[in-house]
Amino acid sequence: MADLTLDYQLADGVTHAPDEDAVYTWVSATLDYLKTDSKAVELTIRIVAEQEAQELNNEFRGKDYATNVLSFPFNSPVELPVTLLGDLVICQSVVEKEAQEQQKSAIAHWTHMVIHGTLHLLGYDHIDDNEAEEMEQIERNILASLNISDPYQPIDNMELNTQ
């Protein structure tokens with residue numbers, strides 16, 4: 001089990017979010033899956049309202065809209081005794097809207113976004129197809145270990161029988 005220090009923050013305007021114990025479990029599952037248990041790991045996860053997510057996305061990515069998760073990896077110019085991964089900023093309203101659109105439970109989508117963001121902090125990305133497939137498979141495996149179904153499985157579009 002990873003030695004994890006989690007700073008969990010709820011910004012003004014956040015009406016509800018997963019509890020800290022659940023978020024801790026999801027980050028720990030990610031670290032354990034990747035066998036990072038030999039290091040002390042620190043990260044901050046901040047749950048924000050849409051305005052803050054939009055401002056940060058615009059400032060750091062040049063995109064003027066709120067997005068589901070932003071990752072800010074920490075890169076120290078000197079060696080530190082603790083591995084500070086960085087910060088995740090997750091937008092409550094975007095995650096909940098996506099869950100509804102994708103016909104997933106909100107908690108399953110929250111779990112996915114925390115795992116996805118943690119993987120970004122650990123250096124994983126999805127810029128090219130090979131990286132995306134590797135990252136998605138890791139996400140599937142971690143989610144399966146938490147009894148959550150594949151988030152990349154297409155939604156069944158059942159045709160209506162009009163006879």
Side-chain angles (χ1 to χ4, degrees), residues 1-11 14-37 39 41-50 52-54 56-57 61 63 65-73 85-162:
M1 181 115 173
D3 179 11
L4 172 62
T5 301
L6 175 64
D7 179 12
Y8 187 59
Q9 304 173 0
L10 301 179
V14 172
T15 55
H16 55 281
D19 76 28
E20 185 172 353
D21 290 340
V23 173
Y24 186 96
T25 297
W26 306 333
V27 174
S28 291
T30 305
L31 298 173
D32 291 345
Y33 179 83
L34 296 172
K35 312 264 190 267
T36 58
D37 55 358
K39 303 177 199 170
V41 176
E42 290 184 29
L43 75 148
T44 297
I45 297 179
R46 180 172 172 82
I47 311 301
V48 300
E50 201 164 321
E52 185 174 344
Q54 181 174 349
L56 290 168
N57 199 26
R61 297 179 64 229
K63 299 183 180 195
Y65 57 86
T67 189
N68 52 19
V69 61
L70 292 165
S71 59
F72 299 94
L85 291 182
D87 301 334
L88 294 180
V89 176
I90 303 175
C91 182
Q92 173 206 341
S93 61
V94 172
V95 170
E96 291 175 356
K97 180 180 177 193
E98 288 175 345
Q100 187 174 34
E101 289 171 350
Q102 297 169 22
Q103 300 175 7
K104 299 175 184 172
S105 73
I107 200 70
H109 197 49
W110 275 105
T111 306
H112 181 208
M113 291 300 94
V114 169
I115 291 168
H116 184 87
T118 302
L119 288 172
H120 276 307
L121 293 179
L122 291 165
Y124 290 87
D125 216 329
H126 45 81
I127 293 171
D128 69 39
D129 289 344
N130 290 336
E131 288 178 336
E133 183 51 42
E134 178 186 15
M135 187 172 177
E136 289 171 10
Q137 189 57 55
I138 292 169
E139 291 170 352
R140 285 184 193 99
N141 294 345
I142 297 166
L143 288 163
S145 77
L146 297 167
N147 296 315
I148 296 176
S149 61
D150 182 350
Y152 298 105
Q153 192 68 28
I155 299 169
D156 289 335
N157 293 321
M158 299 182 67
E159 294 182 32
L160 295 175
N161 187 346
T162 57

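For the numbers below, each heavy atom of this structure counts, side chains included, while hydrogens, waters and symmetry mates do not.
Side-chain atoms of His116 and Met135, non-hydrogen and from C-beta on, do get closer than 4.5 Å to each other. For the pair Tyr124/Leu34, a side-chain contact is recorded, criterion being any heavy-atom separation below 4.5 Å from C-beta on.
For residues 139-153, the salt bridge (Lys or Arg N to Asp or Glu O under 4.0 Å) pairs, not counting sequence neighbours, are Glu133-Arg140, Glu136-Arg140, Arg140-Asp150.
Heavy-atom minimum distance, Trp26 versus Pro18: CH2-CB, 3.6 Å. Scanning both residues, Asp87 and Leu121, for their nearest heavy atoms gives O-CD2, 3.7 Å.
Atom CZ of Arg46 sits about 12.0 Å away from atom CD1 of Ile90, to the nearest 0.5 Å. For the atom pair OG1 of Thr118 and OH of Tyr33, the computed distance is 15.0 Å after rounding to the nearest 0.5 Å. Of the inter-residue distances, the one linking Leu70 atom CG with Asn57 atom CG reads 5.0 Å to the nearest 0.5 angstrom. Between the CD1 atom of Ile148 and the CD1 atom of Ile142 there is a distance of 11.0 Å, given to the nearest 0.5 Å. Note that the CG atom of Asp125 and the OG atom of Ser71 stand 7.5 Å from one another [nearest 0.5 Å]. To the nearest 0.5 Å, atom CG of residue Leu43 and atom OG1 of residue Thr30 are 10.0 Å apart.
Shown here are the side-chain contact (heavy atoms from CB on, under 4.5 Å) partners of Ala99, two or more places apart in sequence or in another chain: His109. Annotation: side-chain hydrogen bond (donor to acceptor under 3.5 Å, both in side chains) contacts of Glu131 (sequence neighbours excluded): none. Partners of Tyr8 according to the ring-ring contact (aromatic ring centres under 6.0 Å, His included) rule, which considers only residues two or more places apart in sequence or in another chain, do not exist here. Looking at residues two or more places apart in sequence or on another chain, you find a side-chain hydrogen bond (donor to acceptor under 3.5 Å, both in side chains) between Ser93 and Glu50. Asp19 is linked by a side-chain contact (heavy atoms from CB on, under 4.5 Å) to Asp21, Ala22, counting only residues two or more places apart in sequence or in another chain. Residues satisfying the side-chain contact (heavy atoms from CB on, under 4.5 Å) criterion with Ser105, sequence neighbours excluded, are Ile107, Ala108. Under the ring-ring contact (aromatic ring centres under 6.0 Å, His included) criterion, Tyr152 pairs with His112, not counting sequence neighbours. In this view, Gln54 and Asp64, Ala66 satisfy the side-chain contact (heavy atoms from CB on, under 4.5 Å) rule, not counting sequence neighbours.
Checked by atom type and distance alone, the side chain of Ser28 never pairs as donor or acceptor with a backbone atom of Thr25 at under 3.5 Å.
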Using the rule given for side-chain contact (heavy atoms from CB on, under 4.5 Å), can you reason through Glu98 versus Lys104, listing the C-alpha separation, both sets of side-chain angles and the distance that settles it, and then say yes or no? CA-CA 8 Å; Glu98 288 175 345; Lys104 299 175 184 172; over 6 Å; no
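Other residues, nucleotides and ligands contribute at most 12 non-hydrogen atoms within 6.0 Å of the CD atom of Gln100. Around atom CG of Asp129, no more than 12 heavy atoms belonging to other residues, nucleotides or ligands sit under 6.0 Å away.
Side chains of Asn141 and Gln137: a donor-acceptor N/O pair is present below 3.5 angstrom, by distance only. For the residue pair Thr15/Gln92, the side-chain donor-acceptor check at 3.5 Å is satisfied.
In summary, of the residues considered (Val69, Leu146, Val27), a side-chain contact (heavy atoms from CB on, under 4.5 Å) with Ile115 occurs for Leu146 alone.
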